[in-house]
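Computed from a predicted structure; not experimentally measured. Read the numbers this way: they start at 1 and go in the same order the structure lists the ligands and their atoms.
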Amino acid sequence: MGGLLEQLRSEHVLDASGFKSLLLCDDKALIDDLHRSAREVTDQVFGRKIFLRGLMEISNHCRNNCRYCGLRRDNHEIHRYRLTTEEIMDSAQKAFGLGFRTFVLQGGEDPAEDDAWVEATVGQLRKRFPTCAITLSLGEKSRESYLRFKRAGADRYLLRHETHNEGHYRLLHPKEMSLAHRLQCLEWLRQLGFQTGCGMMVGSPGQTVDNLVEDLQYIHDSRPAMVGMGPFIPHHVTPFAHETAGSVELTLRLISIVRLMLPKVLLPATTALGSMMPGGRMAGLRAGANVLMPNVSPVSARRAYELYEHKDPGAIDTIEDWKRLETNLRLAGFEIGIGRGDGLIHS
Ligand code: SAH
Ligand code: SF4
């Protein structure tokens, strides 16, 4: 087993059975070595710097009906909201004042936020914050829409592939959505020059260890700039209300494996990880993650952006919040990375 870890670290890939063995391994010492090794590689590439992204949840309206997500259109119990461009600019201004140099605009696929609106909002952000990176996470769009967003000044796009297995994708999504289209969107984004992020939930209903191996192979072959992974957490107004949540331990293991596969990748310790366990995000950083995405949305929007239950807002609203995070990071031997924190090109 130790040989597998050595091989992953030196060759940056394993065959399917190698990945499977690591994912199923119950040798605690070896898993500790895996995390340590992944952190060492992160330190070599990025040092102890952790990049912060200011996350704005801009709308919880969604035309889609993903079976796992609390924002799905058939959830009639949530209060729907969308931020105005002015509210987004105000939040960005506040976040900039605190020190953020990347803004992430995430939301459901809200039909009211058409291309012209996204373009104008991104354009305003680009103009007012020329030194900042703008990341979008607004779901599946046409190639033309992505091109408009890029030309308006967006740099990065997060679109988790969710699962690379066709059958599993169909279990998680209604039939009007398709894995092929999701992957097509990711390919367009890459071609258009976005720093692109894929990723998956860990422990989503029906997920097998073989599915995760397929995810790892896809991540290896597509060489994304970012990979977002967090445990699945059930939401009571979804068809998966009574399913079991994903495992923190397995999420940490996947973070370490992805780090060893792609040493230069940007890996967030996600909100879902923090929501499952106090200290979950810090554990993610120790396993090889190097990005945190604190919430900087207006307070009024936070409760309603309920992808899953008991979501930990992980917000930074004041300079005291920023300093507290800085102290917690320092106690764990990390520091806040100043600047945009762009990805590196995979060799
Ligand atoms: N609408 C966009 C962005 C918002 S959803 C999109 O779908 O890409 C952002 C991510 O939240 C999704 O990609 C999914 O991986 C995650 N998510 C949704 N529901 C979740 C749940 N119940 N548990 C954990 N993560 C969830
Ligand atoms: Fe909409 Fe994204 Fe939730 Fe799917 S995961 S229902 S696209 S917000």
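At a threshold of 4.0 Å, the pair R170-E166 counts as salt-bridged, since one of the basic side-chain nitrogens sits closer than that to a carboxylate oxygen. A salt bridge does not link E335 to R48: none of the charged side-chain nitrogens sits closer than 4.0 Å to a carboxylate oxygen. Salt bridge annotation for R39-D43: present, with a cationic side-chain nitrogen under 4.0 angstrom from a carboxylate oxygen.
Outside the 6.0 Å centre-distance limit, the rings of W188 and F194 are not counted as a close aromatic pair. Note: Y146 and Y157 meet the aromatic proximity criterion, with ring centroids under 6.0 Å apart.
Where the criterion is an N or O separation shorter than 3.5 Å, residue side chain and backbone included, E162 meets it with respect to ligand 1. For a threshold of 3.5 Å applied to N or O pairs, the pair formed by R160 and ligand 1 contains at least one separation below that value. Residue S137 has no nitrogen or oxygen atom sitting less than 3.5 Å from a nitrogen or oxygen atom of ligand 1, judged on distance alone. Of the N or O atoms in G107, one or more lie within a sub-3.5 Å distance of an N or O in ligand 1. Backbone and side-chain nitrogen or oxygen atoms of Y305 are examined, and none is located within less than 3.5 angstrom of a nitrogen or oxygen of ligand 1.
Within a 4.0 Å radius of atom 4 (Fe) of ligand 2, the protein has at least one heavy atom. Remark: atom 10 (C) of ligand 1 lies closer than 4.0 Å to no protein heavy atom.
Heavy atoms only, all atoms of each residue included: H164 and L183 are closest at NE2-CD1, 3.5 Å. Scanning both residues, A287 and I255, for their nearest heavy atoms gives O-CG2, 3.7 Å. Nearest heavy atom pair, residue K20 against residue V209, reads CE-CG1, 3.6 Å.
Ligand 1 is approached by P231 to a heavy-atom distance shorter than 4.0 Å. Using a non-hydrogen distance threshold of 4.0 Å, H235 does not register as a contact of ligand 1.
With hydrogens and angles disregarded, no donor-acceptor distance shorter than 3.5 Å links the side chain of R281 to the backbone of A269.
Looking at atom 17 (N) of ligand 1, its nearest protein heavy atom turns out to be M201 SD, 4.0 Å. From the protein, the heavy atom lying nearest to atom 23 (N) of ligand 1 is I233 N, 3.0 Å. What sits closest to atom 19 (N) of ligand 1 on the protein, heavy atoms only, is Y68 CD1, 3.4 Å.
Placement of L212 and L172 in two distinct hydrophobic clusters is found when ILVMFWY residues are connected by side-chain heavy-atom separations under 4.5 Å, directly or transitively.
Within ligand 1, the atoms closer than 4.0 Å to a non-hydrogen atom of L307 are 5 (S), 11 (O), 19 (N), 22 (N), numbered from 1 in the order shown. Per-residue contacts place C69 under 4.0 angstrom from the following atoms of ligand 1 (heavy atoms of the residue considered): 19 (N).
Shown here are the protein N/O/S atoms lying under 2.8 Å from atom 3 (Fe) of ligand 2, water excluded: C69 SG.
More than 12 non-hydrogen atoms from other residues, nucleotides or ligands lie less than 6.0 angstrom from NZ of K150.
With distances taken over non-hydrogen atoms, the option nearest atom 8 (O) of ligand 1 out of E57, R182, E140 is R182.
Taking the ring axis of F96 as reference, the NZ or CZ atom of R101 stays within 45° of it and closer than 6.0 Å to the ring centre.
Looking only at side-chain heavy atoms (C-beta outward), F51 and R340 stay at 4.5 Å or farther from each other.
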